[in-house]
Amino acid sequence: MSRYSAAEIEAKWQEAWDKAGIFRATHTDDKPKYYVLEMFPYPSGRIHMGHVRNYTMGDVIARYKLATGHNVLHPMGWDAFGMPAENAAMAIGGHPKDWTYQNIDDMRAQMKPLGLSIDWSREFATCDPEYYGQQQALFLDMLEKGLVYRKNAVVNWDPVDMTVLANEQVIDGKGWRSGAEVERRELTQWFFKISDFSEELLEALDGLDNWPAKVRLMQENWIGKSRGIEIPFHRTNGGDPVLCYSTRPDTMRGASFIAISPEHPLSRELAGGNAELAAFIAETRKMDTTEAAMEKAEKKGIDTGITVRHPVYPDIELPVWVGNFVLMDYGTGAVFGCPAHDQRDLDFARKYGLDVRNAFYMPGDETEVENDALVPAKSEKVVYIDHFAGISEVTSQEGIDATIDYFEANDLGVGQVKYRLRDWGLSRQRYWGCPIPVVHCYTCGVVPEAKENLPVRLPDDVTFDVPGNPLDRHPTWRDCTCPKCGKPAKRETDTMDTFVDSSWYFARFTAPRAETPTDMAEADYWMNVDQYIGGIEHAILHLLYSRFFARAMHLTGHLPAKAIEPFDALFTQGMVTHEIYQTRDGNGRPVYHLPEDVSDGKIADGTKVEIISSAKMSKSKKNVVDPVNIISAYGADTARWFVLSDSPPERDVEWTASGAEAAYKHLSRVWNLCDRIGVMDADIPGDGDDDLLREMHKAIRDVTLGVESFGFNAAIAKLYAFTNVLSKSQASMAAQKQAIMTLAQLMSPMTPHLSEDIWAHQGGEGLIANAPWPKADEAMLVDQSITLPIQINGKRRAEISVPPDMDKAQVEKTALATDAVQKALDGAQPKKVIVVPGRIVNVVI
RNA sequence: GCGGGCGUGAUGGAAUGGUAGACAUAUCAGACUUAAAAUCUGAAGGCCUAAUGGCCGUGUGGGUUCGAGUCCCACCGCCCGCACCA
């Protein structure tokens, strides 16, 4: 008897698939196409279990679709630009390009043994000039269509390193390397006009039926449509009115101050003659640029001394403050504060001694607001106090609408629909990204690079020994000639946000070697992505940007109209987690240990480790398991089987050594089962063939349903159960052979190598990867009899065994005749009997 | 702070509003073995009971329903995103 040797069979079948070329995707019209895509990886150097889980899920779908007669496109590439390559160059020397391509080679080598059904002939990296050159062409087309423009925007500036910092490089308001206080600095930068598409991106969410509802909701909130009003507040002693935007104009009666952003033109103007104000504005510049930091920071303000008149209660004068919590990017950069109905405004008012005035009460409760703002739901009824539009007890929503109508009718303001969504700033002051293909001509100004000069290649001869962007100090690259007038010009030294690279790669996969960004015939055939799979962390930015890009590519003639929503179905998978093992050093600081260095809860020197509950695998906590080690110990099929079992795909899965071991044992059991069935006589008449085949058809039904609905864990549980039935079965060899071959087929999307081997062993024809998916026989799914639980007042008290097709009246009669029901009734009549056919009987007494 | 999600045995989890705990891990018992490992068989939510059986039980509190893990409301805890991380 042979033993299950994963290493041997996996290499063998991977070679067989390669030789047969069955995963090569070609455009043919005799089969329906199916495009399955997993979010491509950043080439950090090693694959991790999260990748294994993501690609295994995609592979299950791809292989299942192949077996169900589809022409499958399942590509893979590399999201290869980004900061880590530059950080590595700074930390350990070398060149970002060498580092990146080496990592890609390493990761491809680690990925191949997984046996994924990927068409490697379509592979590319976003840092290939062939890719980013096409991206530059796209950029120029978008520029021509007016989808790109320049404006000033704020960045995190490290005054010591003299460089722009990403948000993640700002720790507690300080630069991660220099430790210097980070400042906000304005630079002229390139923007995509995604805000022009706010309404469309919002409305189209409705059609994305196969996206998780939570992702659609998150995008809806991100776009943040609101109906409000712009109200000019006239200054009491002259000057331009202060234009405020509000979504709650119904609270106007409670307005007690105006707050403007530190970046508001009026703030800047006043700062000129007001040292205290100038200092305050300078202080707010030392806040980092993240929204979370802004929101969490203490709300501070300074009185400008200016006052404005309330538009409907002219005796009320409101002070104008500069507030660090007012965003210049949203609305008009100025708001009126209504402390009674907004907690933030209330805190601000209490801090600075400003008035608090209710605009409404709750019906029957005329208490003035003290410490808790009164913020009822918009659908709740409130009683407005002395409202100028004459309304009294209505919902807040009706109050808002009535107020806007009144303001518009009396020329006091203009109703406005606004979106929270801001334009997408794509400029990055970094080397390792796609160069923005424009030049700054000393004569003509900003001039797009000529298309025949693309790609604008990154120069290779750069160093990272001095801070800042190497492109900025590279004279031969930076200095160029103007494509328009031929006179001297300076190349744009900013590169593109890496989100640009990942916003259209799915389209490029349809024709990865095309001389234009896409080949319309191929894009028309392969688009859309039928199933997209990736992490929930991309729910907003990457997916929203891709939706915008698909529209932009349609407008510039690079995608057909049907592809403006590029992802038909989206699945967001959970993370792979692991326990954290730590000991303490002499100073009591934690020291982390790799799982492979811990046995029996101890490290090599015998010290006991503290176990911290499972968290996302991360290098810093050392709670990582290297897939390469797992594959060499147990094989790819075990790794694939385990990451799919136990947890539902959308939830986190905890990697445990015992779980991996169990997966391996199970696959060995299946292998041994196949071996046994192979060696016994095929003619032994058996017992219970019908029972075994009935279970087999149920397994076909359940596993098919599981694979189609991303219930991989449930499908695997069913496969365990069916294997248990088969291993105990006394059925004839013919029936057992049929059962094991079907089992191999049902397992083949998850454990393709083992399944091929069983298939070959049992004399199956060709490759199992090409074999048509089994179909469940309806007639075999019906049981001879079913067990119905009998409830009395909703509690289970008995059960009856009845034929599945017994009619309701007969079921009721049988149920009422049981001892438990008779005893409970004690001669009385039941109040009600509920019979749910095939499910349950409930007797209400 | 804002937006989104999750919460079920010792553990991971299963359950179209219809028998809560499928399947697996860990545990315990038995078989095989000189022994161990491996393998195979079986037990098992908690409490009470000799047993039959009963009571309790899906983060907490309330509600809808003949019936709630599932739907609604409030609260608690944990996780993710917040626009220059990918």
Side-chain angles (χ1 to χ4, degrees), chain A residues 39-42 44 79 81-84 153 155-156 164-170 189 194 212-215 217-222 224 289-297 299 325 329 343-344 420-430 497-499 501-502 535-542 544-545 572 574-575 577 613-616 642 645-648 650-654 656-659 661-663 665-666 668-669 672 711 713-714 716-721 724 727-728 787-791 793-799 831-834 836 838-845:
Chain A
M39 290 180 187
F40 65 165
Y42 176 78
S44 59
D79 189 11
F81 276 133
M83 288 201 304
V155 294
N156 299 307
V164 175
L165 297 178
N167 283 336
E168 72 158 14
Q169 296 174 315
V170 180
Q189 307 198 53
I194 189 173
K214 64 178 171 184
V215 174
L217 188 57
M218 284 162 90
Q219 292 217 350
E220 185 182 325
N221 289 329
W222 187 261
T289 56
T290 70
E291 195 172 302
M294 305 267 286
E295 290 289 333
K296 264 188 274 192
K299 308 301 175 266
F325 55 91
D329 290 332
Q343 192 60 46
R344 188 176 58 188
R420 205 183 71 101
L421 180 64
R422 310 202 293 256
D423 278 334
W424 170 11
L426 68 117
S427 300
R428 296 293 180 271
Q429 297 69 38
R430 275 177 245 291
D497 178 8
T498 56
F499 270 119
D501 313 337
S502 57
I536 185 70
E537 67 273 19
H538 296 293
I540 296 173
L541 292 181
H542 162 62
L544 194 61
Y545 290 160
T572 54
M575 299 177 301
T577 66
S613 61
S614 221
K616 177 179 185 169
F642 180 68
S645 59
D646 281 3
S647 283
E650 68 275 16
R651 245 192 274 178
D652 294 350
V653 64
E654 185 182 15
T656 59
S658 59
E661 177 85 8
K665 281 183 188 173
H666 178 72
S668 302
R669 247 192 316 267
N672 291 337
N713 56 323
I716 284 181
K718 187 67 196 179
L719 287 165
Y720 269 109
N724 291 343
S727 68
K728 284 173 197 158
T787 304
L788 281 188
I790 311 296
Q791 293 184 331
N793 292 334
K795 297 213 178 226
R796 196 182 81 83
R797 284 291 182 269
E799 55 185 39
K831 276 189 195 143
K832 197 172 175 184
V833 180
I834 292 136
V836 184
R839 280 286 178 191
I840 205 164
V841 181
N842 190 10
V843 182
V844 184
I845 293 173

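The sequence lines fix the lettering, A, B, ..., with proteins before strands; numbering per chain opens at 1.
Nucleotides U49(B) and U58(B) place their P atoms 24 Å apart, quoted to the nearest Å. When the P atom is used for both C85(B) and C73(B), the distance is 35 Å, rounded to whole Å. Using atom C1' as the reference point in both C78(B) and U60(B), the two lie 15 Å apart (nearest Å). Taking atom P in both G13(B) and C84(B), one finds a spacing of 34 Å when rounded to whole Å. Taking atom P on both nucleotides, C56(B) is separated from A37(B) by 43 Å, rounded to a whole Å. The C1' atoms of A26(B) and A10(B) are separated by 7 Å, rounded to the nearest whole Å. The same atom, C1', is picked in G12(B) and in U65(B); the two are 32 Å apart, to the nearest Å. Spacing of P atoms, U70(B) relative to G62(B), comes out at 14 Å, to the nearest Å.
Across all strands, Val215(A) comes closer than 4.0 Å to no nucleic acid atom at all (heavy-atom distances). Contacts of Leu421(A) with the nucleic acid, taken as non-hydrogen atoms under 4.0 Å apart, include base atoms. Within 4.0 Å (heavy atoms only), Gly425(A) reaches sugar-phosphate atoms of the nucleic acid but no base atom. Nucleic acid contact for Ser427(A): base, since at least one base atom lies under 4.0 Å from a heavy atom of the residue. Residue contacts for Thr498(A): at a heavy-atom cut-off of 4.0 Å it reaches the sugar-phosphate backbone alone, with no base atom in range. Nucleic acid contact class of Lys296(A) (heavy atoms, under 4.0 Å, all strands): base. Contacts of His542(A) with the nucleic acid, taken as non-hydrogen atoms under 4.0 Å apart, are absent. Nucleic acid contact class of Ala662(A) (heavy atoms, under 4.0 Å, all strands): sugar-phosphate only. Using a 4.0 Å heavy-atom cutoff across all strands shown, Gly82(A) reaches sugar-phosphate atoms only and no base atom. Among the protein residues, Gln343(A) comes within range of no part of the nucleic acid, since none of its heavy atoms lies under 4.0 Å from any strand. Contacts of Arg420(A) with the nucleic acid, taken as non-hydrogen atoms under 4.0 Å apart, include base atoms. Residue contacts for Gln189(A): at a heavy-atom cut-off of 4.0 Å it reaches a base atom on one of the strands shown.
In the interface, the side chain of Asp646(A) is paired with the base of G12(B) through a donor and an acceptor atom under 3.5 Å apart. For a distance-only test at 3.5 Å, the side chain of Arg651(A) fails to qualify as a donor-acceptor partner of the base of C6(B). The base of C85(B) does not come close enough to the side chain of Glu537(A) for any donor and acceptor atom to sit less than 3.5 Å apart.
Contact check, Lys665(A) against U39(B): a side-chain N or O comes under 4.0 Å of OP1 or OP2. For G53(B), the OP1/OP2 oxygens have no side-chain nitrogen or oxygen of Arg796(A) closer than 4.0 Å. One finds a side-chain N or O of Ser647(A) lying less than 4.0 angstrom from the OP1 or OP2 phosphate oxygen of G13(B). At the phosphate of G12(B), neither OP1 nor OP2 sits under 4.0 Å from any side-chain N or O atom of Asn713(A). Between C40(B) and Arg669(A), a contact under 4.0 Å exists linking OP1 or OP2 to a side-chain N or O. Look at Asn724(A) and you'll find a side-chain N or O under 4.0 angstrom from OP1 or OP2 of A24(B). Between Arg428(A) and C84(B) there is a side-chain N or O to OP1 or OP2 distance below 4.0 Å. For the pair Lys795(A) and C56(B), the criterion of a side-chain N or O lying under 4.0 Å from OP1 or OP2 is met. The phosphate of G42(B) has OP1 or OP2 within less than 4.0 Å of a side-chain N or O from Lys728(A).
Partner of Gln791(A) under the side chain to side chain contact (heavy atoms under 4.5 Å, CB included) criterion, chosen from Val841(A), Asn842(A), Val843(A), Val844(A): Asn842(A).
Across the interface with RNA chain B, nearest-nucleotide mapping of Pro648(A) and Arg797(A) shows Pro648(A) to be the residue nearer the 5′ end. In terms of position along RNA chain B, the nucleotide closest to Trp222(A) lies nearer the 5' end than the nucleotide closest to the other residue of the pair Phe499(A) and Trp222(A).
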Could you check Phe642(A) against Thr656(A) for side chain to side chain contact (heavy atoms under 4.5 Å, CB included), going step by step and ending with a plain yes or no?
CA-CA 9 Å; Phe642(A) 180 68; Thr656(A) 59; 4.1 Å; yes
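For Ala662(A), there are no side chain to side chain contact (heavy atoms under 4.5 Å, CB included) partners, not counting sequence neighbours.
Look at Glu650(A) and Lys214(A) and you find no salt bridge, because none of the NZ, NE, NH1 or NH2 atoms lies under 4.0 Å from a carboxylate O.
The glycosidic torsion of G81(B) lies more than 90° away from 0, placing the base in the anti range.
Aromatic ring orientation, Tyr545(A) versus Phe499(A): perpendicular (interplanar angle above 60°, classes split at 30° and 60°).
Per the geometry, CD belonging to Glu650(A) stands 15 Å off C1' belonging to C80(B), to the nearest Å. For the pair Met218(A) CE and A83(B) C1', the computed distance is 13 Å after rounding to whole Å. Going from atom CD of Gln219(A) over to atom C1' of A83(B) covers 13 Å, rounded to whole Å. Between the CG atom of Asn156(A) and the C1' atom of C85(B) there is a distance of 13 Å, rounded to whole Å. Distance, Glu799(A) CD to U19(B) P: 12 Å, rounded to whole Å. Residue Arg839(A) contributes atom CZ, which lies 7 Å from atom P of U19(B) at whole-angstrom precision.
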Nucleotide-resolved protein contact map, nucleotides 66-75 of chain B, B/S/- at heavy-atom distance under 4.0 Å:
BS--------
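Remark: U60(B) base-pairs with A74(B). Criterion, Watson-Crick or G-U wobble with two distances under 3.5 Å. Across all strands shown, A50(B) has no partner, as no Watson-Crick or G-U wobble contact with both distances under 3.5 Å is found. Across all strands shown, C2(B) pairs with G81(B); the Watson-Crick or G-U wobble distances both stay below 3.5 Å.
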